[in-house]
Amino acid sequence: MANDATMEKLVSLCKRRGFVFQSSEIYGGLSSAWDYGPLGVELKKNIQNVWWKEMTQTRDNIVGLDAAILMHPRVWEASGHVENFSDPLVDCKGCKNRFREDQLPEENRVSRRCPDCGGELTEARQFNLMFRTHMGPVADEGSQVYLRPETAQGIFVNFKNVLQSSRVKIPFGIAQTGKAFRNEIVTKNFIFRTCEFEQMEMQFFINPSEDTRWFNYWREQRWNYYLNKLGIRPDRLRWHQHGPDELAHYAKDAYDIEFLFPFGWSELEGIHNRTDFDLRRHGEYSGKPITYLDEETKEHYIPYVIETSSGLTRTVLMVLADAYEEQNLGKAEDGTSDLRTVLHLHPRLAPVTVGIFPLVKKDGLPEIAREIEASLREDWTTYYDQGGAIGRRYRRQDEIGTPYGITVDYETKENRTVTLRDRDTMEQKRVKIEDLAETLRRNIAEFHRQ
Ligand code: ATP
């Protein structure tokens with residue numbers, strides 16, 4: 001299948017159909033902040049639910065957590081963020097554009113000339129990415145807090161709470177999803193890199209002697225998740241191992257899963273061996289050492305952590321880019337080219353699972369269609385549409401990725417059957433109304449990416 005998605009087309013589709021809007025658009029917009037519209041919020045929630053199910057509900061050794069965004073400021077000293085969480089910032093003296101030095105093309109880094117206008121670049125300054133704010137009415141040093149730049153630290157500082165309150169034993173994991181904030185120097189590419197975003201992270205606590213085995217295990221699990229649970233095409237995914245210069249201050253080994261976005265290969269998720277860095281530091285900074293006692297071997301140790309860290313909002317962009325296709329279906333009846341835009345979203349992710357259409361707005365067909373909709377609503381997201389030509393109604397659903405369409409026609413009145421249309425093959429089959437739920441269930445379970 002051709003790679004039809006460009007960023008312009010995705011941004012335009014997202015706005016037109018209500019997936020993603022520019023934040024505060026009526027005031028001219030706030031750059032790099034985005035709002036999720038009626039379809040976007042469904043897609044985002046579906047991705048989050050699939051991740052949550054995969055990482056907690058279907059495993060008996062991972063539990064969930066929902067920590068606060070605001071945390072004690074000492075957390076960020078212990079974690080190394082106050083000292084290390086910065087990017088090198090350079091400005092162009094000519095056009096005044098701003099760049100991350102480490103992301104400049106090699107030639108510009110060497111020549112110290114702007115990639116946009118050829119002007120001279122300033123020396124790099126380290127710029128801390130954490131957003132600062134104040135808690136309470138007086139904005140002084142003592143009231144300063146940060147908006148969390150990652151969800152992971154909420155997990156580390158609750159390690160003991162979880163250990164003592166749940167009956168977990170090492171190896172076990174804690175998972176959480178939520179907002180994170182980074183004052184990124186360069187935000188571009190729509191929702192790929194934003195100052196406010198959502199993460200889905202899991203920290204897996206292990207005996208240090210087993211780190212290689214668990215690191216490899218989680219790499220494999222996460223790779224398979226993208227293929228099998230989200231239905232991403234394998235040729236659009238690849239691994240990138242961090243070289244010695246790229247490794248974060250806490251990491252012993254790190255691999256990114258990268259996706260081929262319309263603007264090139266970029267990180268989607270990181271799998272990191274964080275060693276005992278975080279638990280050890282929180283033990284030191286809080287004065288309350290964090291150790292684990294293995295009751296069988298009587299071994300006392302600070303656990304190592306294998307982390308899987310992915311972006312929820314970034315996954316939304318990946319899923320849309322991967323699903324987008326423009327098809328030329330030949331000549332329409334009036335002689336013009338028949339084009340359709342379709343999102344091949346996995347049915348688990350699609351904002352609407354099934355569209356329901358009475359062929360005409362009369363003769364009792366809408367009533368039957370409404371009845372069918374009511375019977376399917378408990379289990380799936382439905383959308384009822386009785387406006388316009390049926391072909392156009394199908395296309396409207398194709399464009400937002402609705403995998404199935406049910407049409408109620410005159411034959412329905414005779415024999416209680418409807419047509420069930422498949423978004424990807426566009427095939428239509430007659431199905432008895434009473435078999436619809438079971439047929440949909442089977443189709444979703446057996447879904448294969450076209
Ligand atoms: P980069 O080097 O590109 O700034 P990172 O390596 O610092 O990113 P991590 O700290 O590993 O990223 O964050 C884990 C995940 O969180 C990333 O893989 C990405 O999916 C997501 N993420 C990080 N920063 C942003 C952002 N500014 N906007 C959207 N998602 C983000």
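None of the values given here were measured: they were computed from a predicted structure. The first residue of the sequence shown is numbered 1, and numbering continues consecutively from there. One-based numbering, in listed order, for ligands and for the atoms of each.
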For atom 22 (N) of ligand 1, which protein heavy atom lies nearest, and how many Å away is it?
F197 CE1, 3.5 Å

Could you establish whether H272 and ligand 1 come within less than 4.0 Å of each other, counting only heavy atoms on the residue side?
yes

Check this for me, if you would: do R125 and D87 make a salt bridge, where the nitrogen-to-carboxylate-oxygen distance has to be below 4.0 angstrom?
no

Determine the sole option in Q241, R219, R274 for which the side chain to side chain donor-acceptor pair (under 3.5 Å) test with D253 is passed.
Q241

D87 and ligand 1 - part of the residue with a heavy-atom distance under 4.0 Å:
neither

State yes or no: are the ring centers of F192 and F190 separated by less than 6.0 Å?
no

May I ask you to check whether S310 has an N/O atom sitting below 3.5 Å from an N/O atom of ligand 1?
no

For ligand 1, indicate whether the residue E184 contacts it via side chain, backbone, both or neither (heavy-atom separation under 4.0 Å).
side chain

Protein residue, atom and distance nearest to atom 21 (C) of ligand 1, heavy-atom basis
G311 CA, 3.8 Å

the protein heavy atom lying closest to atom 14 (C) of ligand 1 turns out to be S309 OG, 3.0 Å

Using non-hydrogen atoms of the residue, decide whether Q199 is closer than 4.0 angstrom to ligand 1.
yes

Between E120 and R112, is there a side-chain N and carboxylate O pair less than 4.0 Å apart?
no

Around atom 29 (C) of ligand 1, find the nearest protein heavy atom and jot down its residue, atom name and distance.
F192 O, 3.1 Å

With heavy atoms under 4.0 Å as the rule, classify the contact between R100 and ligand 1 as side chain, backbone, both or neither.
side chain

Starting from atom 6 (O) of ligand 1, which protein heavy atom do you reach first, and at what distance in Å?
E267 OE1, 3.2 Å

Of T315, V316, L343, V20, which is the lone residue that meets side-chain contact (heavy atoms from CB on, under 4.5 Å) with L43?
V316

Any nitrogen or oxygen of I191 lying under 3.5 Å from a nitrogen or oxygen in ligand 1? Just yes or no.
no

So which bit of E269 gets within less than 4.0 Å of ligand 1, heavy atoms only: side chain, backbone, both or neither?
backbone

Could you check atom 28 (N) of ligand 1 against the protein and tell me its nearest heavy-atom contact, residue, atom and distance included?
T194 N, 3.0 Å

E198 pairs by salt bridge (Lys or Arg N to Asp or Glu O under 4.0 Å) with which of K44, R314, K45, R148?
K44

I need the nearest protein heavy-atom contact for atom 10 (O) of ligand 1: residue, atom name and distance, please.
R182 NH2, 2.9 Å

Would you call R280-E284 a salt bridge at under 4.0 Å N-O?
yes

Taking atom 4 (O) of ligand 1 as the reference point, the nearest protein heavy atom with its distance:
R193 NH1, 2.9 Å

